[in-house]
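Everything on this sheet refers to the single structure shown next.
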Amino acid sequence: MRRWPSALAGATLRVRTGLPTAVLAASALAGCATMTEPVDQYVMVQTVLDHQQVAGVGCVLSNDVGRWFVTSPGRVQIRKSAAPLVVDCRSGDAWTVDRIDPKQNSSKWGNILLTAGAGQVVDRQTGAGFDYPATLTVILRRGERGDARMAPPAGSAVY
């Protein structure tokens with residue numbers, strides 16, 4: 001039987017324990033969207049009035065981490081969040097205010113299986129585990145904003 005020199009035996013032991021640890025750490029991070037998904041997202045905003053697309057409407061998009069302006073139809077880069085995205089568009093007497101809830105992206109199962117839910121907590125804080133719809137089509141209404149009769153019905157955003 002051949003004996004390994006003591007220095008070489010220690011190196012072999014480190015490789016044997018280091019490789020499984022690295023594989024385990026990499027697979028755990030794969031479930032965390034914060035490590036694998038961007039925290040920013042592009043959304044396209046379209047506005048419709050009387051069943052026709054309207055151009056040149058100013059819209060402010062906001063959530064708990066920021067506020068962005070876009071003129072419809074247009075694309076804007078926003079910061080993702082677990083909080084709803086509020087879309088406030090106005091042009092003359094036409095307006096709308098919509099609330100769009102984010103949907104959890106595919107990182108959910110990786111977080112549950114690989115990180116025992118710890119990645120889910122992190123992804124909620126950074127917003128990386130959530131996506132808003134890529135295209136937001138909002139329905140404009142005519143009338144004064146304070147007019148309760150003209151308030152948009154719940155869920156008037158079309159995806």
Side-chain angles (χ1 to χ4, degrees), residues 19-148 150-159:
L19 183 60
T21 303
V23 169
L24 181 62
S27 65
L29 290 177
C32 184
T34 302
M35 301 303 287
T36 60
E37 298 283 329
V39 293
D40 294 325
Q41 174 186 351
Y42 280 96
V43 293
M44 175 73 172
V45 178
Q46 299 175 335
T47 50
V48 174
L49 178 63
D50 297 331
H51 304 288
Q52 293 184 3
Q53 185 172 358
V54 180
V57 177
C59 298
V60 176
L61 286 67
S62 60
N63 60 19
D64 62 336
V65 292
R67 180 176 289 188
W68 306 270
F69 177 80
V70 63
T71 302
S72 74
R75 278 174 41 110
V76 64
Q77 184 177 8
I78 62 171
R79 183 85 185 257
K80 296 194 291 185
S81 171
L85 182 68
V86 176
V87 181
D88 184 346
C89 299
R90 300 178 195 180
S91 178
D93 68 339
W95 62 274
T96 192
V97 177
D98 267 329
R99 182 185 138 172
I100 291 108
D101 292 319
K103 301 244 186 287
Q104 190 156 23
N105 59 27
S106 61
S107 68
K108 176 180 182 177
W109 294 110
N111 281 331
I112 291 170
L113 297 173
L114 299 174
T115 67
Q120 186 72 9
V121 174
V122 174
D123 289 349
R124 275 199 174 279
Q125 296 299 316
T126 65
F130 295 84
D131 293 322
Y132 296 107
T135 302
L136 308 174
T137 303
V138 293
I139 310 299
L140 297 172
R141 304 283 185 247
R142 289 197 189 274
E144 292 294 319
R145 244 188 114 180
D147 189 355
M150 297 305 293
S156 63
V158 180
Y159 304 101

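Being a predicted model, the structure only gives us computed values, none of them experimental. Numbering of residues begins at 1 and proceeds along the displayed sequence.
Contact record, Pro102 with Ala82: CG-O, 3.4 Å, taken as the closest heavy-atom pair.
Contacts of Ala94 classified as side-chain contact (heavy atoms from CB on, under 4.5 Å), with partners at least two apart in sequence or in another chain: Leu49, Leu140. Contacts of Asp93 classified as salt bridge (charged side-chain N to carboxylate O under 4.0 Å, His left out), with partners at least two apart in sequence or in another chain: Arg142.
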Set out, in order, the CA-CA distance, both residues' side-chain angles and the distance that settles side-chain contact (heavy atoms from CB on, under 4.5 Å) for Trp68 and Asn63, then state yes or no.
CA-CA 9 Å; Trp68 306 270; Asn63 60 19; 3.4 Å; yes
Exercise answer: donor-acceptor pairs, residues 41-48 side-chain atoms, under 3.5 Å, sequence neighbours excluded:
| unit_1 | atom_1 | unit_2 | atom_2 | d |
| --- | --- | --- | --- | --- |
| Gln41 | OE1 | Tyr132 | N | 3.0 |
| Gln41 | NE2 | Tyr132 | O | 2.6 |
| Tyr42 | OH | Gln77 | OE1 | 3.3 |
| Gln46 | OE1 | Thr137 | OG1 | 3.1 |
| Thr47 | OG1 | Val54 | O | 2.7 |
| Thr47 | OG1 | Ser72 | OG | 2.6 |

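Listed by first and then second residue, the salt bridge (Lys or Arg N to Asp or Glu O under 4.0 Å) pairs that reach into residues 69-78 come to none, sequence neighbours excluded. Residues in residues 57-67 take part in no salt bridge (Lys or Arg N to Asp or Glu O under 4.0 Å) pair, two or more places apart or across chains. Contacts classified as disulfide bond (SG atoms under 2.5 Å apart) and involving residues 42-101 (residues at least two apart or in different chains) are given here: Cys59-Cys89.
Between Val86 and Val97, the closest side-chain pair of non-hydrogen atoms falls below 4.5 Å. For the pair Leu136/Leu61, a side-chain contact is recorded, criterion being any heavy-atom separation below 4.5 Å from C-beta on.
Between the NE2 atom of His51 and the CD1 atom of Ile139 there is a distance of 8.0 Å, given to the nearest 0.5 Å.
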